[in-house]
Novice: 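One structure, pasted below without further comment.
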Amino acid sequence: MNIPAPENHTDVAGGDASQPARKRNIEALTAFFRSGIKPAGSHGKLGIELEQTIVCSDGSPVSYSEENGVAHLLEQLREFYPQATVDEEGDLLGVARPGEAITIEPAAQIELSAGPFDDLQKAAKTFAAYRQMLDDMLAPKGMHVVAQGYHPTATARSLDLIPKRRYAFMNRYLSAKDIYGPCMMRGSASTQISIDYTSEQDCLRKMRIAYALTPILSLICDNSPVFEGKPRPHKLMRTDIWRHTDNDRCGLVPGALSSGFKFEDYAKYVLDTPAIVAPDENEGWRYCEQTFGQLYADKPMTQKQVEHAVSMQFPDVRLKTYLEIRPADSMPIPYVIAYAALIKGLFYNEGCLQQLEALFADVDANAFEMAKDALMEHGYDAHVYGMPVADLCDRVIKLAESSLNPDDRALLEPLSSLVEQQTTLADLAEKGAGRA
């Protein structure tokens, strides 16, 4: 399949001869981003998303449709999460209650999205209760949850896709785009934290800092000891997977590390990305290789179309009506809450932001990619941005600790302990496998 590269458009007075509605669509996207601006006194909350993999007692995969599989688990959860998402064929794809939504990823990885939280103690209780519920429902079936960044036993292409048309289209497109598209969709699992912004300037400042931190956060939260059923070939496997998924929509948004980057630039990036999945006339979905700009060349985008287009971008730091920080692997819940505390400490303290801004002032796209290379090869022995990454990680942890209250600082301990030992969950799993 020959997949065309996205076109580079040259705006003429904010428009484009081939896309008469382009200027209005840029405005629709930027208005969407601005709608996320929070009043200065009311921001500071965190959204937390955790993806996990369900396996049998022998480590073999659990699919959506099999007897007592993930569809059955969702039906059990529906008693406690009564708001259901059902597709046109009647398949149950998600359940929810106020502040919590449980959905499934392409190969039936299960995800809890919860918050926003201004109290990390409450977040810890929410996720612990959720995990206990899963354990109680899965144990009688001889199943359990694995919190790692990649499936512990299976190859990605051996895992069944759930019955969701969007994922069938994505699988078709990404399988042809690069080598690891199916691995991202079917094998991987992540932890994502979302943060508020109080202005366009605040948002893009935090985006630059989050991007510069991305390689460091990937190291601190590295928890993928296995890849395609074998010991990992190198560290930070999910970093490599995302690099070889679709460079049109993953990694670093072009220009995002520049101080001149604006909402309008992110809007253009969205419009110039192939859609893969587009709404059809019957409010369903169809396959589409046009860019969003081409798809909506002659008509302004609706709110629903804007939200969909934004959701089809998968960069390391994603802009919606909040900033989504995406590099961390799936981890056990104490580490997930520690990661949320780390993000809270770094991004909701002006002094920390100033110090991080100064620390990463010279980071550009080349340095960003070189940092990923070095960490995949050397881990804690690497040099990143001209300094030992072990020192950088120490500094990042200490900055967060300095801005957190005592209760939140205590929650950071699982990750701060790993950093102090210059090791990762993936390293520890490897050592445990070696001893076994």
Side-chain angles (χ1 to χ4, degrees), residues 47-87 89-115 117 120-154 156 158-164 167 185-192 223-224 226 328-340 414 425 429:
I48 305 173
E49 299 180 20
L50 173 62
E51 300 168 356
Q52 299 171 300
T53 303
I54 299 173
V55 298
C56 296
S57 56
D58 63 358
S60 60
V62 174
S63 70
Y64 175 82
S65 300
E66 69 182 71
E67 184 178 3
N68 293 325
V70 175
H72 178 68
L73 175 63
L74 287 176
E75 287 289 358
Q76 288 181 283
L77 289 165
R78 194 170 180 174
E79 178 182 350
F80 306 96
Y81 297 81
Q83 301 164 15
T85 300
V86 180
D87 69 7
E89 279 79 40
D91 295 305
L92 180 61
L93 300 179
V95 294
R97 63 190 182 194
E100 299 176 53
I102 300 172
T103 53
I104 48 176
E105 293 298 296
Q109 306 98 313
I110 191 162
E111 174 182 324
L112 174 63
S113 303
F117 297 103
L120 288 180
Q121 300 290 336
K122 181 179 179 182
K125 290 176 182 177
T126 297
F127 277 83
Y130 163 74
R131 176 56 191 264
Q132 186 62 56
M133 189 180 299
L134 291 184
D135 290 345
D136 291 345
M137 293 177 177
L138 291 171
K141 307 177 202 173
M143 300 174 183
H144 63 275
V145 168
V146 174
Q148 289 185 348
Y150 203 79
H151 197 288
T153 60
S158 71
L159 297 168
D160 294 334
L161 285 174
I162 68 170
K164 188 174 182 180
Y167 290 152
M185 290 183 62
R186 303 185 191 206
S188 69
S190 69
T191 302
Q192 301 170 18
N223 190 29
S224 299
V226 176
D329 285 357
S330 177
M331 298 178 287
I333 285 166
Y335 293 89
V336 171
I337 302 303
Y339 182 50
L425 289 171

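In this text, all values refer to a predicted model and were calculated from it rather than measured experimentally. Excluded from the calculations below are hydrogen atoms, water molecules and symmetry mates; all remaining heavy atoms, backbone and side chain alike, are included.
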Novice: Are any of the side-chain heavy atoms of Pro163 and Glu89 separated by less than 4.5 Å?
Specialist: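 Result no, sub-4.5 Å side-chain heavy-atom pair not found.
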
Novice: Kindly give the heavy-atom pair with the smallest separation between Leu77 and Met133, and that separation in Å.
Specialist: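 Answer, listing the atom of Leu77 first, then Met133: CD2-SD, 3.6 Å.
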
Novice: Is it the case that the side chain of Asn223 and the backbone of Asp329 share a donor-acceptor pair, with hydrogens and angles ignored and the cut-off at 3.5 Å?
Specialist: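 Checking the backbone N and O of Asp329 against the side chain of Asn223, no donor-acceptor pair under 3.5 Å is found.
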
Novice: Please answer whether the main-chain N or O of Ser188 pairs with a side-chain N or O of Gln109 as donor and acceptor at a distance below 3.5 Å.
Specialist: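 Indeed, once roles are kept as given, a pair shorter than 3.5 Å links the two residues.
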
Novice: With the side chain counted from C-beta on, respond yes when Ser63 and Leu159 share a heavy-atom pair under 4.5 Å apart, and no when they do not.
Specialist: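 Answer no - side chains too far apart.
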
Novice: Which value, rounded to the nearest 0.5 Å, describes the distance between Tyr167 atom OH and Met185 atom CE?
Specialist: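 That separation rounds to 7.5 Å.
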
Novice: Can you check whether Ser65 reaches Asp160 side chain to side chain, under 4.5 Å on heavy atoms?
Specialist: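 A side-chain contact under 4.5 Å is absent here.
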
Novice: To check you understand the geometry: which heavy-atom pair defines the closest contact between Val55 and Pro152, and what is its length?
Specialist: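 Distance-wise, the nearest heavy atoms are CG1-CG, 4.1 Å.
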
Novice: Could you state the interatomic distance from CG (Asn68) to CE (Met143), rounded to the nearest 0.5 Å?
Specialist: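 Separation between the atoms: 5.5 Å.
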
Novice: Over all heavy atoms of both residues, which pair between Tyr64 and Leu93 is shortest? Give the atoms and the distance, please.
Specialist: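 The pair with the smallest heavy-atom distance is OH-CD2, 4.2 Å.
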
Novice: Answer yes or no: does atom CD of Glu67 have more than 12 heavy-atom neighbours from other residues, nucleotides or ligands under 6.0 Å?
Specialist: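 It does not: Glu67 CD has 12 such atoms or fewer within range.
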
Novice: For residues Leu112 and Phe127, report the shortest heavy-atom separation together with the two atoms involved.
Specialist: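 Scanning both residues, the minimum pair turns out to be CD2-CE2, 3.6 Å.
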
Novice: Less than 4.5 Å apart, any side-chain heavy atom of Asp87 and any of Lys164?
Specialist: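 No; the side chains remain at least 4.5 Å from each other.
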
Novice: Is there a side chain to side chain contact (heavy atoms under 4.5 Å, CB included) between His144 and Leu138 once you walk through the steps?
Specialist: CA-CA 6 Å; His144 63 275; Leu138 291 171; 5.6 Å; no

Novice: Backbone N or O of Gly59 within a donor-acceptor pair of the Thr153 side chain at under 3.5 Å?
Specialist: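 The answer is yes, because a donor-acceptor pair under 3.5 Å joins these two groups.
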
Novice: I need the minimum non-hydrogen distance between Ile48 and Ala340, along with the two atoms involved.
Specialist: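 Heavy atoms of Ile48 and Ala340 come nearest at CD1-CB, 3.9 Å.
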
Novice: If you take all heavy atoms of Ala147 and Pro332, which pair is closest and at what distance?
Specialist: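 The pair with the smallest heavy-atom distance is CB-N, 3.7 Å.
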
Novice: Output the distance between atom CD (Gln148) and atom OG1 (Thr53), rounded to the nearest 0.5 Å.
Specialist: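 Output value for this atom pair is 8.5 Å.
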
Novice: To the nearest 0.5 Å, how far apart are CD1 in Ile102 and CD1 in Ile104?
Specialist: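 Interatomic distance, Ile102 CD1 to Ile104 CD1, rounded to 0.5 Å: 11.0 Å.
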
Novice: Are any of the side-chain heavy atoms of Arg78 and Leu74 separated by less than 4.5 Å?
Specialist: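 With C-beta onward as the side chain, the pair stays apart.
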
Novice: Can you check whether Ser190's main-chain N or O pairs, donor with acceptor, with Glu51's side chain at less than 3.5 Å?
Specialist: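 Flag set: sc Glu51 to bb Ser190 pair under 3.5 Å.
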
Novice: Measuring from Lys141:NZ to His72:NE2, what's the distance to the nearest 0.5 Å?
Specialist: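 Output value for this atom pair is 4.0 Å.
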
Novice: If you measure from OG1 on Thr191 to CD on Glu111, what distance do you get to the nearest 0.5 Å?
Specialist: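 Going from OG1 on Thr191 over to CD on Glu111, the span is 10.0 Å.
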
Novice: Can you spot which of Val146, Ile110, Leu134 makes a side chain to side chain contact (heavy atoms under 4.5 Å, CB included) with Ile54?
Specialist: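 That would be Ile110.
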
Novice: Please step through side chain to side chain contact (heavy atoms under 4.5 Å, CB included) for the pair Cys56 and Val62, ending with a clear verdict.
Specialist: CA-CA 6 Å; Cys56 296; Val62 174; 3.7 Å; yes

